[in-house]
Amino acid sequence: MRHWLMKSEPDVYSIDDLRRDGRTSWEGVRNYTARNWMRDDMKEGDLVLYYHSNAEPSGVAGVAKVVRDAYPDPHALDPASHYYDPTAKPDVPRWVSVDIGFVERFPAIVPLAALKAEPDLAGMEVTKRGSRLSVHPVDAAHFEKVRAMGRAQG
DNA sequence: GCCAACGTTGGC
DNA sequence: GCCAACGTTGGC
């Protein structure tokens with residue numbers, strides 16, 4: 001099983017939205033590196049650090065899990081969608097979605113500053129300057145550490 | 001609001 | 001195929 005980090009702006013869709021809905025489709029990824037990970041390596045049962053970006057504070061808000069492997073992103077084919085891509089075709093969908101389910105919400109956000117300050121998390125992608133990928137893998141040890149930090153708060 | 005990082009686009 | 005311009009992300 002792999003571990004991942006996925007970024008969402010809480011003003012758009014937060015961990016509380018995911019808890020309310022139980023599960024959701026992860027749509028609108030329009031970056032090839034992120035897409036390739038979703039398409040090729042994300043599998044049902046994988047665990048996900050749910051990260052709030054552009055937030056106060058930004059940081060890891062909880063844990064989700066992959067509940068459906070990649071499938072063509074329907075929004076890419078929908079002209080009415082914000083995520084419409086005129087170069088995507090039904091036979092060559094180009095972009096993919098996965099579905100994720102709610103697992104847990106931490107008592108408090110684990111802020112990015114706390115991740116950066118933790119020696120055990122040295123080298124973690126999200127702590128690097130200029131890290132922009134909205135979906136990327138996380139080492140199992142880093143995942144466990146962040147989850148422990150999240151549970152220890154509050 | 002600023003700006004660094006960096007992926008994508010398009011002229012050549 | 002190079003690379004400058006442009007657009008987006010996202011921390012601060």
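None of these values were measured; they are calculated from a predicted model. Quick note: numbers below take in every heavy atom, side chains included, and nothing from hydrogens, waters or symmetry partners. Reminder, nothing fancy here: chain letters follow the sequence lines and each chain counts from 1.
The main-chain N or O of A/L133 is found under 3.5 Å from a side-chain atom of A/H136 such that the two form a donor-acceptor pair. Proximity of a side-chain donor or acceptor of A/R35 to a complementary backbone N or O of A/V29 within less than 3.5 Å is not detected.
Rounded to an integer number of Å, the gap from A/N31 CG to B/dC6 P is 12 Å. Across the protein-nucleic acid pair, A/N54 atom CG and B/dA4 atom P stand 17 Å apart, rounded to whole Å. Rounded to whole Å, atom C1' of B/dC6 lies 12 Å from atom CD of A/E125. When the P atom of C/dT9 is taken as reference, atom CE of A/M6 falls 15 Å away, rounded to whole Å. When rounded to the nearest whole Å, the span between CD of A/E56 and C1' of C/dC12 equals 9 Å. Between A/R132 atom CZ and B/dT8 atom C1' the separation is 10 Å, expressed in whole Å. What separates CG of A/L115 from C1' of C/dG11 is a distance of 13 Å, to the nearest Å. Atom NE2 in A/H82 sits about 11 Å away from atom C1' in C/dT8, given to the nearest Å.
Comparing the axis of the opening five pairs of the helix from B/dG1-C/dC12 to B/dC12-C/dG1 with that of the closing five pairs yields an angle of 10°, rounded to 10°.
Across every non-hydrogen atom of A/L121 and A/T127, the tightest pair is O-OG1, 4.3 Å.
By the 6.0 Å and 45° rule, A/R68 stacks over the aromatic ring of A/Y71.
Side-chain contact of A/D16 with A/S14: a donor-acceptor pair under 3.5 Å is absent, judged by distance alone.
For A/Y32, whose side chain is taken as the heavy atoms from C-beta onward, the closest listed nucleotide among B/dT8, C/dG11, C/dT9 is B/dT8.
Distances shorter than 4.0 Å separate some side-chain N or O of A/K7 from OP1 or OP2 on C/dG10. Listed pair A/K116 / C/dC12 meets the phosphate criterion, a side-chain N or O lying under 4.0 Å from OP1 or OP2. Within the 4.0 Å cut-off from OP1 or OP2 of B/dA5, at least one side-chain nitrogen or oxygen of A/R129 is found.
For the side chain to side chain donor-acceptor pair (under 3.5 Å) criterion with A/W95, the lone passing option out of A/T87, A/D85, A/D73 is A/D85.
With hydrogens and angles ignored, no donor-acceptor pair under 3.5 angstrom links the side chain of A/R30 to the base of C/dT8.
No close placement of the A/W26 and A/Y13 rings is indicated, their centers lying 6.0 Å or farther apart.
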